[in-house]
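To keep things clear, I will list the structure first and then write my remarks on it.
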Amino acid sequence: MPGNQPGSGNALLLLLKARTFIALILVVLFFSIAAPNFLSTANLVIMSKHVALNAFLAIGMTFVIVSGGIDLSVGSIVGLCGMVAGWLLLHGINPGFGWSIQFNTFEICLIVIAVGVLVGALNAFLITKLNVAPFIATLGTLYIARGSAMLSSDGRTFPNLNGNPEYGSDTFRWIGAGDMLGIPVSIWMLVIVGLGAAYIARRTPLGRYIYAVGGNEKAAGLSGVRVTQIKYFVYMFSGFCAALVGIIIASQLVAAHPATGDTFELNAIAAAVLGGTSMSGGRGRIGGTIVGAFVIGVLSDGLVMMGVSAFWQTVIKGIVIVAAVVIDQAQQRVQARVALQAQAALGK
């Protein structure tokens, strides 16, 4: 049968590996025809900002999933970190002696990032020290973070986050609204984080250990890999990425709302899976995840421009996720078949 020839198997495998790029090209072509002004400069800038937010979360999620875990708390961390930024900009910290401590933009960002990393560390503690399943641990911190965000303002919005020139916090808005060389600051931040994450994944022992833990945690531990430290890193890095998104959104909107980031974790998981990350762990690429984030972002913005109902958008995203998993499983079967054919050819 022609389909059983090694050449056809290799061609099919190549197509399956390139599925995310193919999907991106197809959705861009479709919406460029179906939606007016889809490829206009203004829309591309707006869309790139939306993609960046999902890509940050998806990069962190990729490390978590590759290590064999899951992080459902990232959307709530986004909301909590946005509220922390809003509180610091409006009120600073009041030690209770009739005066308050105010912060500049850099200090506010450091504090917000520390909050995100601490929530990630809490996730890792629950998983490694208390042996709570990642799904349950991060589901619990999802509620803790969201509830804390609500409590910080009694469910109200922190408005007018323009900062104060006197304290050096008036540059906060530049993070979400500014640009460098005509490119939004958030995109430059994504480039830096993306390149750094890809370097860690592909070029460092830490990256190899993350894949080893996800591939076989017990074997990795017996080989000398410090599994606990690896899990702390991936969850703290995921919290770091979520904190960046919280800062960017608060800066873009010049406001912080405790419900910000609701269901963001689902888009992050979708982008990672669409980019080739295996939900069973041990396999995934940062580059593929970023392309997956572009597919989800283009799909979302394109459907909005076409006037498609938000309910149908949710249905379509669900279909995309299921299709991505089915295709990923097909790729694994084809890969196994090609490997067996190669072994058989060498044995002749």
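Considering every non-hydrogen atom in both V112 and A243, the closest pair reads O-CB, 3.7 Å. Contact record, S48 with P184: OG-CG, 4.3 Å, taken as the closest heavy-atom pair. The minimum heavy-atom distance linking C81 with V115 is given by the pair SG-CG1, 4.3 Å. For the pair S67 and V213, the tightest heavy-atom approach, listed with the atom from each and the gap, is O-CG1, 3.6 Å. Taking every heavy atom of both residues into account, Q102 and L88 meet most closely at OE1-O, 4.0 Å. Among all heavy-atom pairs drawn from R146 and G79, the shortest one is NH1-CA, 3.9 Å.
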Carefully, step by step, assess N267 and T263 under the rule side chain to side chain contact (heavy atoms under 4.5 Å, CB included). CA-CA 7 Å; N267 283 339; T263 73; 5.6 Å; no

Pair N162, L89 - check side chain to side chain contact (heavy atoms under 4.5 Å, CB included), show working. CA-CA 8 Å; N162 293 302; L89 281 163; over 6 Å; no

V225 and E217: CA distance, side-chain angles, deciding distance, side chain to side chain contact (heavy atoms under 4.5 Å, CB included) verdict: CA-CA 9 Å; V225 176; E217 181 178 327; over 6 Å; no

Determine whether N43 and N37 satisfy the following criterion, side chain to side chain contact (heavy atoms under 4.5 Å, CB included), listing intermediate values before the conclusion. CA-CA 7 Å; N43 184 61; N37 300 321; 5.8 Å; no

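The structure places CD1 of I249 at 10.5 Å from OG of S186, a figure rounded to the nearest 0.5 Å. To the nearest 0.5 Å, the span separating CZ on R203 from CZ on R208 amounts to 10.5 Å. Between the CD atom of E265 and the CE atom of M61 there is a distance of 7.0 Å, given to the nearest 0.5 Å. Atom CZ of R156 and atom NE2 of H257 lie 10.5 Å apart (nearest 0.5 Å).
When hydrophobic clusters are built by joining Ile, Leu, Val, Met, Phe, Trp and Tyr residues whose side-chain heavy atoms come closer than 4.5 Å, directly or via intermediates, V119 is grouped together with L130. M306 and I46 are assigned to two separate hydrophobic clusters, defined by single-linkage of ILVMFWY side chains at heavy-atom distances under 4.5 Å. Criterion: ILVMFWY side-chain heavy atoms under 4.5 Å apart, direct or through other members. Under it, V308 and I296 are part of a common hydrophobic cluster. The hydrophobic clustering, which links ILVMFWY residues whose side-chain heavy atoms are closer than 4.5 Å, places I316 and L29 apart. Cluster membership for V45 and I187, using ILVMFWY side-chain heavy atoms within less than 4.5 angstrom, is not shared.
Here F106 is tied into one hydrophobic group with L110, each link being a pair of ILVMFWY side chains closer than 4.5 Å.
For W87 (side chain) and G92 (main-chain N/O), a donor-acceptor pair under 3.5 Å exists by modelled atom type. S169 contributes a side-chain N or O that, together with a main-chain N or O of N164, makes up a donor-acceptor pair within less than 3.5 Å. Remark: side-chain polar atoms of S309 are paired, donor with acceptor, to backbone N or O of F311 under 3.5 angstrom. A donor-acceptor distance shorter than 3.5 angstrom exists from the side chain of S251 to the backbone of F172, with no hydrogens or angles considered.
Applying the side chain to side chain contact (heavy atoms under 4.5 Å, CB included) criterion to Y143, with sequence neighbours excluded, gives L139. Residues passing the side-chain hydrogen bond (donor to acceptor under 3.5 Å, both in side chains) test with D301, sequence neighbours excluded: H50. For I290, the side chain to side chain contact (heavy atoms under 4.5 Å, CB included) partners at least two apart in sequence or on another chain are I59, I286, F294. Contacts of Y167 classified as ring pair (Phe, Tyr, Trp, His ring centres under 6.0 Å), with partners at least two apart in sequence or in another chain: none. Qualifying side chain to side chain contact (heavy atoms under 4.5 Å, CB included) partners for Q229, counting only residues two or more places apart in sequence or in other chains: R226. Applying the side-chain hydrogen bond (donor to acceptor under 3.5 Å, both in side chains) criterion to T105, with sequence neighbours excluded, gives T171. For the side-chain hydrogen bond (donor to acceptor under 3.5 Å, both in side chains) test, no residue two or more places apart in sequence or in another chain qualifies with T128. With sequence neighbours excluded, no residue forms a side-chain hydrogen bond (donor to acceptor under 3.5 Å, both in side chains) with T314. Evaluation of the ring pair (Phe, Tyr, Trp, His ring centres under 6.0 Å) rule for F103 yields no partner, not counting sequence neighbours.
The side-chain heavy atoms of V304 and Q313, taken from C-beta on, include a pair separated by under 4.5 Å. Within the 4.5 Å cutoff, no side-chain heavy atoms of N160 are placed close to those of F158. Using a 4.5 Å cut-off on side-chain heavy atoms (C-beta onward), V74 and V78 make no contact. Considering only heavy atoms from C-beta on, L161 comes within 4.5 Å of L90 through its side chain. Side-chain atoms of C109 and I175, non-hydrogen and from C-beta on, do get closer than 4.5 Å to each other. Under the 4.5 Å side-chain criterion, counting only non-hydrogen atoms from C-beta, L142 is not in contact with T138. N54 has its side chain out of reach of F264: every pair of non-hydrogen atoms, C-beta onward, lies at least 4.5 Å apart. Contact check for M305 versus F38: side-chain heavy atoms found under the 4.5 Å cut-off.
Under the ring-ring contact (aromatic ring centres under 6.0 Å, His included) criterion, the residue pairs touching residues 195-236 are F233-F237, with sequence neighbours excluded. The list of side chain to side chain donor-acceptor pair (under 3.5 Å) pairs with a residue in residues 278-295, not counting sequence neighbours, reads T62-T289, S278-S280, R283-D328.
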